[in-house]
Amino acid sequence: MSLSLWTHCDAATLQEGAAQPYGLMPDAALVTEGEMIRWLGPRKHLPDALKAQCSTEHDCQGALITPGLIDCHTHLVYGGDRAAEFEQRLQGVSYEDIARRGGGIASTVRATREASASELERSGGIRLRALMAEGVTTIEIKSGYGLALEHERKCLQVARNLARSHAIDVRTTFLGAHAVPSEFAGQSDAYVDSLLPMMHTLHAEGLVDAVDVFCERIGFSVAQTARVFDAARVLGLPVKLHAEQLSDSGGAQLAADYGALSCDHLEWLSSEGAVAMAQAGTVAVLLPGAFYFLRETQLPPIDLLRQHKVPMALSTDCNPGSSPCTSLLLMLNMACTLFRFTPKEALAGVTRHAAQALGLADRGVLAPGMRADFALWDVQHPAALAYAIGANPLRASVYKGQLR
Ligand code: NIG
Ligand code: FE
């Protein structure tokens with residue numbers, strides 16, 4: 001397999017426990033072999049014999065190299081938009097009230113059911129490419145705007161097709177328990193009953209990598225969440241949870257009991273919930289875009305998460321209702337300004353910890369043996385990635401060893 005050498009760069013390896021902040025390595029050299037990183041270190045330590053084996057050399061001209069960014073929580077495939085609801089919210093109607101009146105997620109479900117797969121692929125592709133243009137090399141995409149077998153299947157197939165047509169890794173999550181569809185109005189338990197065979201079928205079709213639930217007073221109860229998680233466990237699928245976004249429903253505790261990969265949102269997380277997540281190794285995924293767009297005032301308890309050493313990831317939550325956002329870099333800035341993340345925590349949140357939130361051990365840090373997914377930036381220091389608002393200093397990105 002051919003070897004490539006990357007030089008004249010500084011590397012932010014993001015390795016855990018590195019002596020330097022960000023795992024910063026000035027004047028680094030990186031050797032890729034096919035889809036993997038073969039060697040990484042200070043350029044002066046690059047063995048001559050290895051250098052001689054490299055068939056290509058890329059001069060990075062002083063770029064900063066980081067792991068490829070990972071957007072670990074998105075609802076990227078959907079029909080329509082919710083701009084009219086945005087106008088209503090600006091007039092003072094709350095997100096929850098809109099949902100209770102049959103708008104919110106339900107209105108996107110109507111638009112998504114009406115949309116053809118090719119229309120969903122076209123609109124999703126535009127959003128996907130915007131994220132890729134900022135160095136995203138892995139993305140999670142949830143279903144949850146179909147809420148019936150054929151429409152959930154359509155959305156998950158669109159996600160798989162996007163992966164085939166773009167140089168990015170897509171992980172799919174089944175979020176059938178996102179809302180109760182109108183045909184099950186007032187019968188949420190019956191809808192949960194219907195989800196179990198649906199999950200089974202979609203999993204058998206190879207469309208599901210993980211399972212998520214919206215556990216909330218306008219979503220599903222803890223008991224209903226447990227039923228979905230039990231079914232996921234039978235299928236051997238990892239679980240994640242939309243938890244404590246609008247209220248403390250005790251979802252984080254339940255998710256931790258099931259060894260969930262992540263709990264996401266968490267504005268109302270209790271200290272018991274944080275302790276349970278720490279013990280279970282569950283990642284906290286913070287979503288500053290939704291906090292900002294819904295004009296929330298309840299901040300997620302960042303100090304509590306730090307105190308219990310819960311790994312913190314960041315994501316766009318790209319969706320039409322609470323975070324119509326296709327900039328992961330903007331989330332770094334918002335996490336710092338709104339949540340008081342440090343830029344170091346922010347960058348770890350879209351690399352190492354985002355990989356952990358997806359259960360992926362082969363990416364998120366730069367190290368030999370990891371996937372050669374990385375981004376080259378026109379910045380002097382990694383903090384600059386969180387510092388700028390609406391800038392995109394990406395020079396190039398590499399996916400499985402190939403410039404894309
Ligand atoms: O992550 N909270 C639930 N789901 C999405 C929003 C869905 C919507 O409003 O369409 C979220 O915020
Ligand atoms: Fe979400």
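First listed ligand is number 1; within each ligand, the first listed atom is number 1. It should be emphasised that the depicted structure is a prediction, and the values quoted were computed from it without experimental measurement. Values reported hereafter were calculated over all heavy atoms of this structure, with side chains retained and with hydrogens, waters and symmetry mates removed.
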Taking the side chain from Arg217 and the backbone from Leu246, do they hold a donor-acceptor pair closer than 3.5 Å? yes
Distance alone, cut at 3.5 Å: any donor-acceptor contact between the side chains of Asp317 and His73? yes
Near His73 (heavy-atom distance under 4.0 Å), the atoms of ligand 1 are 1 (O)
If we count only N and O atoms by modelled type, under 3.5 Å, do the side chains of Thr74 and Glu140 hold a donor and an acceptor together? no
Could you check whether Arg227 makes a cation-pi contact with Phe220, meaning its NZ or CZ is under 6.0 Å from the centre of the six-membered ring and within 45° of the ring axis? no
Is a side-chain N or O of Glu119 found less than 3.5 angstrom from the main chain of Ser116, in a donor-acceptor match? no
Contact region, Gln245 to ligand 1, non-hydrogen atoms below 4.0 Å, reads side chain
Side-chain donor/acceptor of Ser143 to backbone N/O of Leu156, under 3.5 Å: no
Evaluate Thr108 for polar contact with ligand 1, using N/O atom pairs at a separation under 3.5 Å. no
Any Tyr78 heavy atom less than 4.0 Å to ligand 1: no
Test item, His178 contacting ligand 1 (heavy atom, 4.0 angstrom): yes
Just to be sure I understand the site: which N, O or S atoms from the protein are less than 2.8 Å away from the Fe ion (ligand 2)? His73 NE2, His75 NE2, His242 NE2, Asp317 OD1
Is the shortest distance from a heavy atom of Asp317 to ligand 1 less than 4.0 Å? yes
Heavy-atom count check: over 12 atoms from other residues, nucleotides or ligands less than 6.0 Å from Trp39 CH2? yes
Could you list the atoms of ligand 1 found under 4.0 angstrom from a heavy atom of Tyr95? 6 (C), 7 (C), 8 (C), 9 (O)
With heavy atoms of Tyr145 as the reference, note each atom of ligand 1 found under 4.0 Å away. 7 (C), 8 (C), 10 (O)
Do the charged groups of Glu150 and Lys154 touch, with an N to O distance under 4.0 Å? no
Nearest-contact summary for atom 12 (O) of ligand 1 - protein heavy atom, Å: Ser322 OG, 2.5 Å
Numbering the atoms of ligand 1 from 1, which are under 4.0 Å from a heavy atom of Ile105? 7 (C), 8 (C), 9 (O), 10 (O)
With rounding to the nearest 0.5 Å, note down the distance linking CD in Glu33 to SG in Cys54. 9.5 Å
Test of ring centre spacing under 6.0 Å for Tyr22 and His381: yes
Phe214 heavy atoms, cut-off 4.0 Å: which ligand 1 atoms fall inside? 2 (N), 3 (C)
Against Thr108, only a single residue in Arg82, His178, His75 fulfils side-chain hydrogen bond (donor to acceptor under 3.5 Å, both in side chains); can you say which? Arg82
